[in-house]
**Student:** 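Before I ask anything, here is the structure I am working with.
Here is how names work: the chains are called A, B, and so on, in the same order as the sequence lines, proteins then strands, and each is numbered from 1. Keep in mind that the numbers below use all heavy atoms, side chains included, and drop hydrogens, waters and symmetry copies.
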Number of protein chains: 2
Amino acid sequence: MSKTISILGSTGSIGCQTLQVIDIARDEWEINYLTVNSKIDELEKQILLYNPRGVAISDPHYYREFKKSTLFKGEILCGEEGVCEAAGDSRNTIVMSSLVGFSGVMPTLSAIESGAILALANKETLVSAGEIITKAAKQKNVPILAVDSEHSAILQCLTGEDSSEIEKIILTASGGPFRQLPLEEFGEITLAQALRHPNWSMGNKITIDSATLMNKGFEVIEAKWLFDLSPEKIDVVVHPQSIIHSLVQFIDGSVKAQLGTPDMRVPIAFALNYPHHIAMNFPRLDLLSIGNLSFYPPDLQKFPCLQLAFDALKVGGTATAILNAANEIAVQEFLGEKIKFTDIPKLIAKALDNIQNVPHPSLDEIANADAETRAYVRKEMH
Amino acid sequence: MSKTISILGSTGSIGCQTLQVIDIARDEWEINYLTVNSKIDELEKQILLYNPRGVAISDPHYYREFKKSTLFKGEILCGEEGVCEAAGDSRNTIVMSSLVGFSGVMPTLSAIESGAILALANKETLVSAGEIITKAAKQKNVPILAVDSEHSAILQCLTGEDSSEIEKIILTASGGPFRQLPLEEFGEITLAQALRHPNWSMGNKITIDSATLMNKGFEVIEAKWLFDLSPEKIDVVVHPQSIIHSLVQFIDGSVKAQLGTPDMRVPIAFALNYPHHIAMNFPRLDLLSIGNLSFYPPDLQKFPCLQLAFDALKVGGTATAILNAANEIAVQEFLGEKIKFTDIPKLIAKALDNIQNVPHPSLDEIANADAETRAYVRKEMH
């Protein structure tokens, strides 16, 4: 039986690995749309290899460039509308949403509206608009399968389990590259240092979010929506080896964990074949060569972003959208070497303090909060 | 909805903890039979607290003693036949078999024949007669729910999973009290030292089996039968903290583990309520206070019993019954301080070398192998 997939953000880290997973059983898959922001050269290579029915290019400049030069005969869509059209195409049986940032919200909603299974690697979507997204998915009876290793771990631990028997979930955090750095040296962290993640090779934005632990904060918020849990039922523990990807504690005290090597193709394959495991030959976990698994509490003084995320989740409304937008701009500026590492949480805290919160926001109100926050943070910096 | 349980070996460690678990939701349970070998004073206390419909006392001497003195008005059964009658009573919805040693085989079969759910804490039953027991359970469509922490861990990891997707299982072993003892000092191990298990408080027989790692060898054999796996798909890893109770690796490389405090009431409760977790207030696992989980390969020079178990499993037939019977006598003699710790594997190896193996044995052939082995080992010692 063949499955039809569209991949939003096909040239990104998750997009490329999704295509690698599809390669394992290539004849089971039809590639519907591949969408990119600007990487049209890489898109051309993917077109040759995967022969999609269509493509979408969200940056209009690169859309025009592509149109001029390509020999591709399939449909070519433009802009965010084009990405939404690809996501919402009724031929999709599954949509992999591996967009980065708030831009993932509308295409994700389009995919849900079309009734496709949603494999969601774009965590900012749930962080900004978790209530709306999960409500829409429930109405359409569409599963949302998280693709990051932590939520995939939770999903795997919950296979066959009754969610009413969950006592709490425990998200593990590697602690990032600065776990052991003394607090007083955080002001001197360079971009190059922050981009050197100890365990995972990922895109730049998420690598910085991992270094600040904001990524873990986002995962707490995601977990709340994905698994319908109150914030008190979500714990974070630092586990530098990143071998235990997360844990679920049940009401009898029994704890289940999912473990593995740091290979995103495993959670991607699980989302693509949920709830089944498919045969894959990637290197296996070897507990004997690892020898030791260790656990520490997260240091909220060094990593105030994690506390900000818990706080925003408790406040609710547009607070998490403000958190996300402020973080997105701050990280962008840090990547451009315009601000210091320690400025990231400061800017986010200021945004949360100064921008009006809207409870139970509509999508427009979230988009407004997002835009207002971006403008606010940019102004604060200059 | 009330469930009816009989507990075989109700005054043993597992029997007593089973009653503690029943206390959590006392009104959901009817106690059918409690059976003991000889501890009639403790049985009297349990009768007062739990008001069983009947009891069985397998040692005829204590049966007569009990009969003389008791005020109990319920049915009083005698001998192994009495225990079998209790196990096979058609009123049972679940039978907890926490007998010790080969004596558990016939009552376990009786329970299966009656169609009751079998909670099995008596590992020697599967070690000796795994093929017959699992075949009978399959015919009667009766689940066998293992109660030891390792197999309960596997069972929990397999909840909702497809067994065809198992790549291997990994049983964890504490390594016992002598993990770090130099090989040359094994000859001087005393009984008191062997009875001091680092993590679990259990009966004497199983505590010695844990010190020799024969317990882990038995669990390998049990796992083969419980989960229908070839020996190559069963690994043992030493994990001194006994926090990860066991793991399952799937064909995509994903690994699931069950973790917990060393409290047998958790696996007992899981078997009694399978596949559900019930609310229990026992102390929770605290990864932060544990801090470290470590893993080592088992040392087969120090612990030849584990190798003997793998070898017997590969040979098949009556080899595992010989393994079990020789171990039972050897441990008995070690508990009586008649032989040295290092004599245990030597006696077992001799028995395996010298007693004729019968492939695909009948129950009679297993019983013969069992009796022959006991006689052989006793003769070897004197």
**Student:** Taking B/K256 for the side chain and A/Q156 for the main chain, is one N or O donor matched with an acceptor at less than 3.5 Å?
**Tutor:**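 Answer holds: yes.
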
**Student:** Answer yes or no: is there a donor N or O on one side and an acceptor on the other, between the side chain of A/E165 and the main chain of B/H277, under 3.5 Å?
**Tutor:**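 Yes; judged by distance alone, with no hydrogens or angles, the pair exists.
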
**Student:** Can you tell me which of B/G260, B/P275, B/G291 forms the most heavy-atom pairs within a distance under 4.5 Å of chain A?
**Tutor:**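 Of the candidates given, the most pairs with chain A belong to B/G291.
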
**Student:** Could you measure the distance from the CG atom of B/D263 to the CG atom of A/D252? Nearest 0.5 Å is fine.
**Tutor:**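 That separation rounds to 10.5 Å.
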
**Student:** Please classify the contact of B/F282 with chain A as side chain, backbone, both or neither, using a heavy-atom distance under 4.5 Å.
**Tutor:**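 When you check distances to chain A, no heavy atom of B/F282 falls under 4.5 Å.
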
**Student:** Answer yes or no: does atom CG of A/D228 have more than 12 heavy-atom neighbours from other residues, nucleotides or ligands under 6.0 Å?
**Tutor:**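 No, not enclosed.
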
**Student:** Between B/A269 and chain A, with a heavy-atom cut-off of 4.5 Å, which part of the residue counts as in contact: side chain, backbone, both or neither?
**Tutor:**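 No part of it gets close to chain A.
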
**Student:** Side-chain donor-acceptor pair under 3.5 Å between B/H276 and A/E161, yes or no?
**Tutor:**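 Absent: no donor and acceptor within the cut-off.
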
**Student:** Who among A/Q258, A/R284, A/M280 has the most heavy-atom pairs with chain B under 4.5 Å?
**Tutor:**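 Sorted descending by pairs with chain B, the first entry is A/R284.
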
**Student:** If we define contacts as heavy-atom pairs under 4.5 Å, which of B/I278, B/I290, B/V266, B/V248 has the most with chain A?
**Tutor:**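 Maximum pair count with chain A is reached by B/I278.
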
**Student:** With a 4.5 angstrom heavy-atom cut-off, could you sort out which part of B/N292 is near chain A: side chain, backbone, both or neither?
**Tutor:**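 Its backbone and side chain both get close to chain A.
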
**Student:** How far does CD1 of A/I251 sit from CG of B/N281, to the nearest 0.5 angstrom?
**Tutor:**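 Going from the CD1 atom of A/I251 to the CG atom of B/N281 covers 10.0 Å.
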
**Student:** Return the minimal non-hydrogen interatomic distance between B/L247 and A/L259, and the atom names on each side.
**Tutor:**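 Heavy atoms of B/L247 and A/L259 come nearest at CD2-CD2, 4.1 Å.
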
**Student:** In the structure I gave you, are the side-chain heavy atoms of A/L287 and B/V255 within less than 4.5 Å of one another anywhere?
**Tutor:**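 A/L287 vs B/V255: side chains apart.
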
**Student:** Indicate yes or no: at least one non-hydrogen side-chain atom of A/L288 is less than 4.5 angstrom from one of B/V237.
**Tutor:**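 Yes, their side chains come closer than 4.5 Å.
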
**Student:** Quick one: of B/G253, B/P283, B/C157, B/S152, who has the most non-hydrogen atom pairs under 4.5 Å with chain A?
**Tutor:**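 Going by pairs under 4.5 Å, I would pick B/G253.
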
